[in-house]
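Here is the structure we will look at.
Just so we're on the same page: letters track the sequence lines, and every chain starts at 1. Heavy atoms only: backbone and side chains are in, while hydrogens, waters and symmetry mates are out.
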Protein chains: 2
Amino acid sequence: MAELRVGRRAVHNFWRQLEEFSTQFRHLRALVALAGWDQETYMPPGAAQRRAAQLATAQKLLHRHMNSTVARRLALRAHQILPLLPERKQRIVSCFLREYRRYTALPEQLLEELSYAQTLALESWKLARRESDFSLFAPYLQRLLELKRQQIEFLGYEEHPYDALLGLYEPGLRLSRLQPMLQELTVAVRQLLQWVQSRPVQPSDRLLHQSIPADEQLNLARIVCRQIGFDEGRGRLDLSAHPFCTALGPSDVRMTTRIHSGDASVCFYSVLHELGHALYEQGIPEELADSFAGEAVSMAIHESQSLLWEDIIGRSLAFCQWLFPLWQERFGRYVGEQWEGASAEELFGAVNRVQPSLIRTEADEVTYHLHIQLRLELELALLAGELRVWDLPDAWNDGMERLLGIRPREDRSGCLQDIHWALGDFGYFPTYSLGKLVAAILWKQMQRELPGLEQHICAGEFQPVLQWLRRTVHESAPLENGQELVQRIAGAELTVDAFVEYITDKLRRVYGEPLQSR
Amino acid sequence: MAELRVGRRAVHNFWRQLEEFSTQFRHLRALVALAGWDQETYMPPGAAQRRAAQLATAQKLLHRHMNSTVARRLALRAHQILPLLPERKQRIVSCFLREYRRYTALPEQLLEELSYAQTLALESWKLARRESDFSLFAPYLQRLLELKRQQIEFLGYEEHPYDALLGLYEPGLRLSRLQPMLQELTVAVRQLLQWVQSRPVQPSDRLLHQSIPADEQLNLARIVCRQIGFDEGRGRLDLSAHPFCTALGPSDVRMTTRIHSGDASVCFYSVLHELGHALYEQGIPEELADSFAGEAVSMAIHESQSLLWEDIIGRSLAFCQWLFPLWQERFGRYVGEQWEGASAEELFGAVNRVQPSLIRTEADEVTYHLHIQLRLELELALLAGELRVWDLPDAWNDGMERLLGIRPREDRSGCLQDIHWALGDFGYFPTYSLGKLVAAILWKQMQRELPGLEQHICAGEFQPVLQWLRRTVHESAPLENGQELVQRIAGAELTVDAFVEYITDKLRRVYGEPLQSR
């Protein structure tokens, strides 16, 4: 009896200390997230150098926090106390231990160098992209790769060095499982691409390619976000060079987008993408927000949310039927009579037009994965030292030609288009394709469980969808891991099947028979 | 010889450690400054509660940093090593020791409670101000006052409790010196006010009271900032409820302003005010920026910069002569023919019109100090417990009537108008009046040292003025203290004389004789 009481007190103390510790860690990390957001949106250009140093300092403090006596003691106690905790708390402790291992694996100096190198790489990437000159970015990328190789060794891996980086975004996933799955996907989408390219008639995209003022594009995006369920009291939408979403907690979720003045779909679908991320972040339960479980379960699950909204829902016929009148009302006045005779079906065709293109974020659902396949191959080659940094532009362009049949004419629309490598995010790209596979599985399940789903979407009623996602993913997900979550939802392992089925059906609708007759 | 070598190595090690320590401290503080700026500009409203907690955590980390073994060792060593350092480095060490004493004087819990109470007070003040309902703010102000009283006791004082707070902004200044000086100023400006009110003709202000779009007001402000020398590559201008300036280092200096759609001078002169602060911050030498000497020498010196630009230069006839064509070009189109016959002299009269008014930040140069006198009296009474928080609105209104002869009809334009108390900044207001006294001394000195000063201003050539301020104040000031700096520049102690002389001359120009004949 006396022993049990001691046990209870120990558990209580442990929990109190863990809460205090994690709250401090998460708060400091939120300030880092804010500084990162600011760097991309409102920071004056002259502040870049010092901001790099400020962020490096903050990373160092986070690292120090996780390497403190308090953290070490908590990690040691955690193993003893774990069996005494209810399942929900066990999950939180597991998340703490995962983070603890990640941080204590890397020496402070390496983390600091990584942070510094990333911020400088980011600035040089911005310049290089503007000038479309890879050589301005190359030395910084070179330095980052050296540091990432060091990071891999410190993180450790069982099969392949790349697993160490994959695990940062998709815990437990290995290249040996990832590579065949993505290869299968590559084969499937290349077949579909060939079929599409053989079709005699391609959908018109006149509804996208018009010059629409930036303000109007943002206005429409905001209206749609509100309608879908984005809480503007707990978030924002701003402009940046590369769209992203960052959260300082569920009460402060910030999306960015970019404007293409000649193609309103770029801004619109970028926002829908970030909106998917944002809804996930806003949906994380408040009581978990300052704990180590207050994050998305994995990046593939995060991407599943963005791709579900951007592509599966956002490019569905039902969604286009709801969107079309708004699109016409808001943008029509800038177009005159050129849109005469347009219809929701035409919009559906336009946003689902399949065509190999240079920019990943603007790619259609079929060719998108080929961009990812290219990046995965290049990352593996760069990290292994089989591809020299200076040869990247050529390798990129060759890969584009091999996979997509087109060749970029400048680095800006080639290997300089993505922000990820400048941020040191190697191992991240595959989560986009995985996210798509998960999204297709969620969609299939949602169709089963929500009667009248398409009618709801068609009527602009997004609450049923959002509620389903809150229940199924946002609220429970922080307490699971990615593979487990898929298993629980679909009752099976992750495969390419649901996606291939979904996209084949969609292509048949767009390309296979006259849409008007549907 | 051996001893000397050991001494050198000790000095070297000490210096290296101090640099690392202060860089970390300053970087973390910059992230706190960013979070504060964001809170006032772009933060979604729903994030207020968590932001309060995040800022409290950051303050706790700063406090912990300053209470660490490293800091304690540095502080102990500093006293031994000080005599071995050159003067410039001695000053930096003194600044460190001052900051060290401030932080170690307060227990961590109090700092945390202060930070949390301030952020909640800020949010309640915003709401209370919008609703013009002091009762929404009162409990939070009450709590803040309790904490400030505790802070005073921990900080310590020799003569008067208020000295502890004064010293946070104006090191070394005591109430026994401040109070008679401000009392003398009150008598002088009340006499001037009586004289002005007895004049038969008051200048017209038709050039200010017109409805000008917010964008145009901001555009003109930005043009003028650029012309004066604000480096837009190292700073920004945004909107907020209450104008302020914050710096994340000389490379990232952020001003805010507010728009009064019916009076373009509100935005314009708010910006000139913040510009004075911003130029000071941008002028702090890069090599000091991450040291404890990388800050303004005192708040009175900081305010002297804002008031010099806003009032002494910005409301001079020479400046109006330069500004008038711009003002007319930018704003004239919204006014039609109502400005016919207007002149630079009329603008000069309009921006120097003396008239008791309710809002401190919009007050003229004569009545401005009376607003400060009121706040000083109220702060002393609140802190001493002689005035109950709930009686503040009445005491405020009575004071306005006694000092300025007018009475606010609502709290919004009464005791809720300023952000300072919500931020816990008691003891700050007097620095505005002190700043004005210093500004007048600087102006007098500048007139002596810069031949053709008014012609330069009249021609929009602000470089000579800015260069003089850089040399005299911005670049050397971080290494002195406020009183010393005044002594060095003017060769005498701070008095009200230069200001009274300056303002009497200005009033004679505006009110004493027809301006046209000058």
Side-chain angles (χ1 to χ4, degrees), chain A residues 20-39 41-62 64-65 68 112 230-238 247-255 278 282 286 289-290 294, chain B residues 20-39 41-62 64-65 68 112 230-238 247-255 278 282 286 289-290 294:
Chain A
E20 195 193 336
F21 177 82
S22 62
T23 299
Q24 286 178 6
F25 186 85
R26 304 270 306 163
H27 284 179
L28 184 53
R29 200 142 81 175
L31 294 187
V32 173
L34 178 65
W37 170 84
D38 179 75
Q39 194 176 27
T41 51
Y42 296 110
M43 184 186 80
Q49 194 98 12
R50 176 163 285 113
R51 178 61 54 87
Q54 287 161 346
L55 283 168
T57 293
Q59 293 294 354
K60 192 174 185 166
L61 292 177
L62 280 170
R64 201 169 281 176
H65 199 60
S68 65
E112 216 178 319
F230 181 69
D231 180 353
E232 286 179 313
R234 299 188 295 139
R236 303 183 42 85
L237 172 62
D238 295 273
L248 287 76
S251 57
D252 194 350
V253 179
R254 304 185 180 202
M255 308 182 276
Q282 287 193 337
E286 264 297 329
D290 289 332
Chain B
E20 195 192 337
F21 177 81
S22 61
T23 299
Q24 286 177 4
F25 186 84
R26 304 268 307 162
H27 283 178
L28 184 52
R29 200 143 80 174
L31 295 187
V32 174
L34 178 64
W37 170 84
D38 180 73
Q39 194 175 28
T41 51
Y42 295 110
M43 185 186 79
Q49 193 99 13
R50 176 163 284 115
R51 178 61 54 87
Q54 287 161 346
L55 283 168
T57 293
Q59 293 294 354
K60 192 174 187 167
L61 292 177
L62 280 170
R64 200 169 282 177
H65 199 60
S68 65
E112 218 178 318
F230 181 70
D231 180 353
E232 286 179 312
R234 299 188 295 140
R236 304 183 42 84
L237 172 62
D238 295 273
L248 286 77
S251 56
D252 193 350
V253 179
R254 305 184 180 202
M255 308 182 277
Q282 288 193 335
E286 264 296 330
D290 289 332

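Between the side chain of B/Thr57 and the main chain of A/Leu28, no donor-acceptor pair closer than 3.5 Å is present.
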- Task: Decide side chain to side chain contact (heavy atoms under 4.5 Å, CB included) for B/Arg26 and A/Gln54; before the verdict, give the C-alpha distance in whole Å, the side-chain angles of both, and the deciding distance to 0.1 Å.
- Result: CA-CA 9 Å; B/Arg26 304 268 307 162; A/Gln54 287 161 346; over 6 Å; no
- Message: Using the rule given for side chain to side chain contact (heavy atoms under 4.5 Å, CB included), can you reason through B/Asp252 versus A/Arg50, listing the C-alpha separation, both sets of side-chain angles and the distance that settles it, and then say yes or no?
- Response: CA-CA 9 Å; B/Asp252 193 350; A/Arg50 176 163 285 113; over 6 Å; no
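With chain A as the partner, the residue from B/Leu31, B/Thr41, B/Asp38 showing the most heavy-atom pairs under 4.5 Å is B/Asp38. Counting heavy-atom pairs closer than 4.5 Å to chain A, the top-ranked of the candidates B/Arg64, B/Glu232, B/His65 is B/Arg64. Interface check for chain A: of the options B/Leu55, B/Val32, B/Thr23, B/Leu248, the most heavy-atom pairs under 4.5 Å are formed by B/Leu248.
Proximity to chain B (any heavy atom under 4.5 Å) is restricted, for A/Glu20, to the side chain, taken from C-beta onward. Contacts of B/Ala48 with chain A are absent, with no heavy-atom separation under 4.5 Å from either backbone or side chain. When heavy atoms are compared at a cutoff of 4.5 Å, A/Ala53 approaches chain B by way of both its backbone and its side chain. For B/Arg29, no part lies under 4.5 angstrom from a heavy atom of chain A. The contact between A/Arg254 and chain B is made entirely by side chain atoms (from C-beta outward), counting heavy-atom distances below 4.5 Å.
Residues meeting the salt bridge (charged side-chain N to carboxylate O under 4.0 Å, His left out) test with B/Arg234, sequence neighbours left out: B/Asp231. Partners of A/Arg236 according to the salt bridge (charged side-chain N to carboxylate O under 4.0 Å, His left out) rule, which considers only residues two or more places apart in sequence or in another chain, are A/Asp238.
Here the straight-line distance linking atom OG of B/Ser251 with atom CD of B/Gln282 works out to 9.0 Å at 0.5 Å rounding.
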